[in-house]
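Every chain is numbered from 1 and lettered A, B, ... according to where its sequence line falls, protein lines coming before strand lines. The structure presented is a predicted model; accordingly, all values stated were derived computationally and were not measured.
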Amino acid sequence: MLQPYTQRVVDIIKKIPEGKVMTYGQIAGLAGSSRGARQVVRILHSLSSAHQLPWHRVVNAKGEIAIQEDESRMLQRHMLEAEGVYIGINGMIDLEEYRHEPDIPPDR
DNA sequence: CTAATGACGTCCG
DNA sequence: TCGGACGCCATTA
């Protein structure tokens, strides 16, 4: 069993639809800790492969791909473009257009 | 109990 | 506008 907070983060990430993205801070807030972005990072590191998580739909607050490692960074970019998410010349995604807004409000 | 981790966010010069 | 310092915090060791 996963810890409660971890479980909520996982559930939220799994609900991000194709062609949309969410930021770390946004996910953390919906899970109950608006400043828990770093937990989301840890979760992606430890559970992305085991839980069928669409990790590529998670980007930082600026709309950039957060990962530094080149291989995975390009992979993520391709995955997003394949879903119709256009990434600008500076590596920026237009959050106004692609950010996923769940109907459920943040509980904290 | 403390220390470390981490693909972040925000403030300030 | 940009980069660096610092804050943050659930979870694990």
Side-chain angles (χ1 to χ4, degrees):
Chain A
M1 270 297 281
L2 297 171
Q3 291 297 107
Y5 184 78
T6 302
Q7 182 65 63
R8 285 198 296 279
V9 169
V10 169
D11 288 341
I12 291 168
I13 294 176
K14 288 176 70 172
K15 286 178 187 164
I16 306 176
E18 276 187 28
K20 293 286 183 175
V21 300
M22 281 182 78
T23 69
Y24 291 88
Q26 192 185 4
I27 294 169
L30 289 172
S33 180
S34 55
R35 298 173 201 165
R38 316 207 56 163
Q39 280 57 254
V40 178
V41 170
R42 269 176 37 83
I43 291 165
L44 253 45
H45 262 264
S46 51
L47 308 173
S48 60
S49 53
H51 283 252
Q52 318 281 64
L53 298 181
W55 57 271
H56 56 280
R57 298 184 191 138
V58 183
V59 298
N60 68 22
K62 302 186 218 113
E64 302 170 317
I65 289 178
I67 188 172
Q68 297 301 309
E69 198 272 305
D70 288 324
E71 285 285 323
S72 311
R73 218 179 68 140
M74 287 181 54
L75 173 63
Q76 176 171 11
R77 176 167 184 145
H78 291 149
M79 303 268 283
L80 289 174
E81 289 178 333
E83 295 183 355
V85 177
Y86 176 72
I87 301 177
I89 190 64
N90 47 14
M92 295 276 221
I93 293 171
D94 181 358
L95 293 178
E96 286 297 312
E97 181 174 356
Y98 297 110
R99 179 157 32 98
H100 173 50
E101 304 287 5
D103 34 359
I104 55 175
D107 58 359
R108 199 182 325 179

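Taking atom NZ on A:K62 and atom C1' on B:dC8, their separation rounds to 9 Å, with Å as the unit. With rounding to whole Å, A:L47 atom CG is found 13 Å from B:dG6 atom C1'. Atom-to-atom, CE of A:M92 to P of C:dT1 comes out at 10 Å; the value is rounded to the nearest Å. Rounded to whole Å, atom C1' of B:dG6 lies 16 Å from atom CD of A:E69. As a whole-Å value, the separation of A:L53 CG from B:dA7 P is 16 Å. Atom CD1 in A:I27 sits roughly 10 Å away from atom P in B:dG9 (whole-Å rounding). For the pair A:I43 CD1 and C:dC8 P, the computed distance is 19 Å after rounding to whole Å. Between the CD atom of A:Q39 and the P atom of C:dG7 there is a distance of 17 Å, given to the nearest Å.
Using P as the reference atom, C:dC8 and B:dC12 are 13 Å apart when rounded to the nearest Å. If you take atom P in C:dC9 and the same atom in B:dC11, they sit 14 Å apart, rounded to whole Å.
Remark: side-chain polar atoms of A:R57 are paired, donor with acceptor, to backbone N or O of A:I16 under 3.5 angstrom.
When each of B:dG9, B:dA7, C:dC8 is scored by its nearest atom to the side-chain atoms of A:L44, the top-ranked nucleotide is B:dA7. For A:I67, taking side-chain heavy atoms from C-beta onward, the closest of the listed nucleotides C:dC8, B:dC8, B:dA7 is B:dA7. For A:W55, counting side-chain heavy atoms from C-beta on, the closest listed nucleotide (B:dG9, B:dA7, C:dA10) is B:dA7. Proximity note for A:V41 (side chain, C-beta onward) versus C:dT11, B:dG9, B:dA7: the nearest is B:dA7. Nearest to the side-chain atoms of A:Y24 among the listed nucleotides C:dC8, B:dG9, C:dA10 stands B:dG9. The listed nucleotides are C:dT12, C:dG7, B:dA7; the one nearest the side chain of A:Q3 is C:dT12.
Atom CZ of A:R73 sits in a sparse spot, with 12 or fewer heavy atoms from other residues, nucleotides or ligands closer than 6.0 Å. In this structure, A:E69 places its CD atom where more than 12 heavy-atom neighbours from other residues, nucleotides or ligands lie under 6.0 Å away. Heavy atoms from other residues, nucleotides or ligands lying under 6.0 Å from CD of A:Q52 number 12 at most.
Within 4.0 Å (heavy atoms only), A:R38 reaches at least one base atom of the nucleic acid.
In this structure, A:T6 reaches the C:dT11 phosphate: one of its side-chain N or O atoms is under 4.0 Å from OP1 or OP2. Distances shorter than 4.0 Å separate none of the side-chain N or O atoms of A:H45 from OP1 or OP2 on B:dG6.
Counted by atom type alone, A:Q26 and A:H100 present zero donor-acceptor pairs between their side chains at under 3.5 Å.
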